[in-house]
Every structure is written in structure tokens, then in C-alpha cells.
Amino acid sequence: MSGLFKDRFQVAIAGCAVSKIERRSQRSLGAITVETALKAVADAGLKPRDIDGFTTGSLLPAYGEHTNIDGFDIVSATWLSEHLGADPRWVCGFQGGGQLTGSVILAVNAIASGAADYVIVHRSLHNPAGRYHEMPMTRAREAAQWTAPYGFWGPPVAIALPYNEYMQRYGATREDMATFLVQTRKNAAAIPWAYWADKPITREDYLNARMLGDPVCIMDCDIPVDGAAAFVLTSAERARDLPNKPVYVAGYAQGLPAHSQAYRSLDDMMEDGSALARRLWQSTGLGPDDIDVPQLYDGFSPLVYLWLECLGYCPVGEAHRFIQNGAIDVAGKFPLNSGGGSLGSGRLHGVPHMLEAYLQLAKRAGPRQLAKSSTAIACHSYPDIGGAVVYSDQPY
Amino acid sequence: MNYEKPVPEADALSGPFWKAAREHTLAMQCCMHCGRYEHPPTGLCQGCRAAQPKFEFRPVSGQGTLVSWTIMRDSFIPSFRNDIPFAIGLIELREQKGLRLIARLLDGPHARYRVGDAVEVVFEDITPEASLPQFRLASAGQRK
């Protein structure tokens, strides 16, 4: 078994839309999502009645004493399928890690199998009132009983443990990471819909940013926002009859960790992430050097180091050096997160990465259009539990 | 004075862990078929996946090594904000590779920590009913 994806290049992205990304919207997430999905349908040259498939991963917000109402705090595939004026015959939620890549994978398989012809993959995220992750609990139940009684709670400090392990082992510094943040925020500054549009930062801004849990500072974490994006996927054959240049799915992989997810070490994450990368390159028949547009998930900045190393762009322990000296400038050979990533665009999970992969390969990136844009990778989440999809502007 | 921080709530799996902790014993869930420890406690042994799971909580040495740590400069749990800064460690117990837990490092935020530092358990009574296993450096400069 080679692992080569049988249906590679058989499914394509035909259009997309992204909402305004704002800190707190006055509108319900459902209203934002329906408007955005309708724009995506129109962008693909279709009518709502053409859409017969829906998928998303609607995880988060899931912290504090906050409860989620579908259509308001979250938008499930089922909810959107009932509110778009479509004619659904396939609706499926994704429950694993890497919600955006995971739901793209579901959509690709549904289209390749004929379960649906035109699928909306959406991702909607809400920033609830109050402080994000605030957890005023006095009883610690379930998984929280092992961390909250100690004062340890929340993803931003959870990533501090493997990141500190990385720094201690490989001699990485916050000065090294400043290079990545400055570049990402520079990229985002030029993107009109990015939350941090027109707001580049200096190295000093980063180094002086408020610390959450050493070595993680506030600028290492994407900012929670209200926003949504929608992509229309269809078969390659149908996509060729639609107005936009099709962007083909060349293959994918999901993180399927062999290690327990409780308090994993850096080595655990790297082993499982490297296994994802092996499956990805087997699925696509491509390798890291074949990719023109690398969009690696950066909801927490250290994840970019892990993706760079797992995917094979540099040896393990070298990512903090690999990104220095202009190596990731958008004008250079490795335009890492030219789409501004999550750190520049806001907490829309894998949306900025997939959006940039699509826009570049469809030659719709405007002033940002890269000289080489035939292939792209878009990742979401951690490399051990998340996912990655590779795209191509040609069906070969 | 009321204790305002989160108190661990024992469930069907974790009850013996917290009961032992109250008696200042670190006891970890152990598979009676293959001897593998699990933490957090589970309903299926990841080692032998026995269809008739049989677990007991066995006292362990309370000695381990520091895998990583963070100095908390903020807390999403408001009742910990007066403690800032404080040190949190990821500890791997001596008994088994990958057998890890999270705890406070009682040497505090200004101690010099290194990956692989030897640590040992210390119990903190937080309420008359609940105690937390915490950790401290076993002795200066001692490494695994």
C-alpha cells in the first residue's frame, strides 16, 4: 500500500468568502455565517439550491461557565444546512482535532464518493463576552481535576510546557521567535480583512509583550475574534465549468496520535506529528520542497516550529534558526504564512492558512500574489492531533 | 477562611487517587493484568487493552524528573491571581516512561530549573478533605 490518495486532484475549491474579523460583533454568529456562506456560493458562481453538502467542526468556545447555543455561539453543519435555503443531502460534523482540515477531508471524501456535489465547508468562531478562557471554578471536574487545582489552566499555558522544553533543549530564545512574529504581523498588515491589518510590530513590541506563562507571551497567541469563512468544494470536473480557477486537493493527512494526550512531552508531539507528515507526503506523492505556498498553523507561535520540523523543512531542533536572516520573507523562497496566519488574522483556526492557499493558487491574491504559486500546504492545529491539506493549481 | 481555589472532585475513576492523596500517599492506577500505570485513570489499559479491565491504585515512589515547567505570570482562574508568579512543572514519575502529571513546583518561580532535574512529591492540605500532591527539587544539582 503506497498511501497515495486515489482521488487526488478529483476535488477542487471553487470559491470562498470571509467575513469581517472583529473583536466582538453586534450580530449573532449565525447571521455572520449565513451571510458569508451566501457570498461564498455566489463567488463560486452557484445558487444556494445548488449546495447539497455541509460540514464543519464547531468546537470552541468551550471554556469557563459559558454554554454554547447553536446559531449564536457556534454554527454547526446542521444549523447552516437548515438556514441557507439549500437542498442538503449530506451533512456531517467533524469532531476531532484540526477542525478545518478535518472537515475539508470529510468534504473531499463526500464529493469523491458522490455523496454530495457541492459542499460548503465553513468555520465560524465566536468570542464570548468576558475574558477568554476565564474559569472561575471552585470544583475541578473531569480533566480539569488534574490541572486546575494547581492553578494550571488553558491552552496558552499548556503550550508553554513543550515550548519551554524546546527552548531548553535546543537553545531557542524569545529573540528567535520575534523574527517570526514580526514577519507574520508584517504579512497581515497588508491584508485588509486581517484583524491586525495595518498594525505591524517591532521586535521590541514582541519582547516587551505581557507574559502569560514563560516563555509564552500574549503575542504568541492568536487573538479571539468573531468571524466566519466559507469555502465551496466540488468535483474537479464541475469546478472547471465555474468562473474561478479550480484549486485541486492533492492529498491530506490527519493527526492520529499514538501517545496519550494527557501532558504530552515534546518528543511525543514530534513523533506523532512526524507520522502525520509521512502520511501527508505519501498521500500527495509530493515532498516539502515541492510546496510553493507554505501556510503552517500558528494559533500559538511555537506550533510553527513543530510543523516546520515535522514536515521536513529543517532538522529537528533547527526551526528557530531556520526562520532567521530573511529566510521567511514573502519575497524569498519560503513565504511562510504569507496570508498572515492566525497570529495576524485572528483566531479563526485554520481559516487564514486555507484561505491564503486557495487565493494564491487561484491567482486571486491581488498585490500579494507570489511569483511561484502552483502548490500549497494549509495546516490546522498541532501537528500531532491536527491536520494538513496539500493543494495544487494543476490536476497532476 | 474559605478555600476559594478549585478543589478536585473525585469521580468513578479518580476516587482512589484523591483518597490516597488525602493520606499523603501518591498512588497511581495500575493494570493488574500487565502492570502498566495509567494517569489520568482510564477504563481501558493502553498497554494490554484487556477486555476485562482490572485496576488497582498502587503507591509509587513519589520521585521523578522534571520534563518541563512554566512560570505562571497570569491565571485564567481568578482565585490564583494572588499567587502570581508561581511555577508549574510537568513531572515524569520514576516508575514508568510517559507516566506524567502536572503539579506546582514548590521551589517557586525564582528557582533554577533544568530539564531532567530530580523532583519528589510533597503533599499540601488545601481543605480538611483534600490534599494535592505537589513537587519540589529533590536536592540541588542532583540529576537523573
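Chain letters run A, B, ... following the sequence lines, proteins first, then strands; residues in each count from 1. Any value given below was found using the heavy atoms of this structure, including those in side chains, with hydrogens, waters and symmetry copies removed.
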- Message: To the nearest 0.5 Å, what is the distance between CG on A:Leu212 and CD1 on B:Ile71?
- Response: 14.0 Å
- Query: From B:Thr70 OG1 over to A:Phe152 CZ, what is the distance, rounded to the nearest 0.5 angstrom?
  - Reply: 7.0 Å
- Item | Residue selection (most heavy-atom pairs with chain A, distance under 4.5 Å) from B:Gly89, B:Ala130, B:Ala87, B:Pro40 | B:Pro40
- Check: A:Glu165 and B:Leu66 side chains under 4.5 Å, non-hydrogen atoms: no
- Note, B:His39 side chain near A:Tyr263 side chain (heavy atom, < 4.5 Å): yes
- Message: Please classify the contact between A:Arg169 and chain B as side chain, backbone, both or neither, with a heavy-atom cut-off of under 4.5 Å.
- Response: neither
- Using non-hydrogen atoms and a 4.5 Å limit, figure out which bit of B:Glu4 sits close to chain A: side chain, backbone, both or neither. backbone
- Are any of the side-chain heavy atoms of A:Trp146 and B:Pro8 separated by less than 4.5 Å? no
- Query: If you count the non-hydrogen atoms of other residues, nucleotides and ligands that lie under 6.0 Å from CZ in B:Arg58, is the total more than 12?
  - Reply: no
- Looking only at heavy atoms, the pair that brings A:Ser265 and B:Val67 closest together is CB-CG1, 4.1 Å
- Note on the structure: Most contact-rich option vs chain B, by heavy-atom pairs under 4.5 angstrom, among A:Ala160, A:Ala148, A:Ala143, is A:Ala148
- Hey, mind stepping through A:Val216 and B:Arg73 against side chain to side chain contact (heavy atoms under 4.5 Å, CB included) and telling me if it holds? CA-CA 10 Å; A:Val216 172; B:Arg73 307 283 177 186; over 6 Å; no
- Okay, A:Gln168 and chain B: the region with an atom under 4.5 Å from a heavy atom over there is side chain
- Item | More than 12 heavy atoms of other groups within 6.0 Å of A:Arg24 CZ | yes
- Message: Give me the atom names and distance for the closest heavy-atom approach of A:Met211 to B:Asp74.
- Response: O-CB, 4.5 Å
- Item | A:Asp214 CG to B:Trp69 CH2 distance, which is reported to the nearest 0.5 Å | 10.5 Å
- Message: Tell me the closest heavy-atom pair linking B:Pro6 and A:Ala140, and the distance in Å.
- Response: CB-CB, 4.0 Å
- With a 4.5 Å cut-off on heavy-atom pairs, point out which of B:Ile84, B:Asp83, B:Leu90 contacts chain A the most. B:Leu90
- Message: Testing the 3.5 Å rule here: is there a donor-acceptor pair between the side chains of A:Gln145 and B:Trp18?
- Response: yes
- Looking only at heavy atoms, which two atoms of A:Tyr150 and B:Gln134 are closest? And how far apart? CD2-OE1, 3.1 Å
- Leading residue by heavy atom contact count with chain A [cutoff under 4.5 Å; candidates B:Leu13, B:Ile77, B:Thr42]: B:Ile77
- Residue pair A:Gly151 / B:Phe80: nearest heavy atoms and the distance that separates them: N-CZ, 3.2 Å
- Query: Relative to chain A, which segment of B:Ala10 carries a heavy atom at a distance below 4.5 Å: side chain, backbone, both, or neither?
  - Reply: backbone
- Query: Taking everything shown except B:Gln46 itself, do over 12 heavy atoms lie less than 6.0 Å from its CD?
  - Reply: yes
- Of A:Pro215, A:Pro149, A:Cys217, the largest count of non-hydrogen pairs under 4.5 angstrom with chain B goes to A:Pro149
- Message: Can you tell me which portion of A:Asp267 sits under 4.5 Å from chain B's heavy atoms? Options are side chain, backbone, both or neither.
- Response: neither
- Item | CA sep, side-chain torsions, deciding dist, call: B:Val7, A:Arg139, side chain to side chain contact (heavy atoms under 4.5 Å, CB included) | CA-CA 5 Å; B:Val7 176; A:Arg139 311 287 301 175; 4.1 Å; yes
- Query: Say you draw a straight line from CG of B:Leu101 to OG1 of A:Thr147; how long is it, rounded to the nearest 0.5 Å?
  - Reply: 12.0 Å
- N/O donor-acceptor pair under 3.5 Å between A:Arg141 side chain and B:Glu9 backbone: no
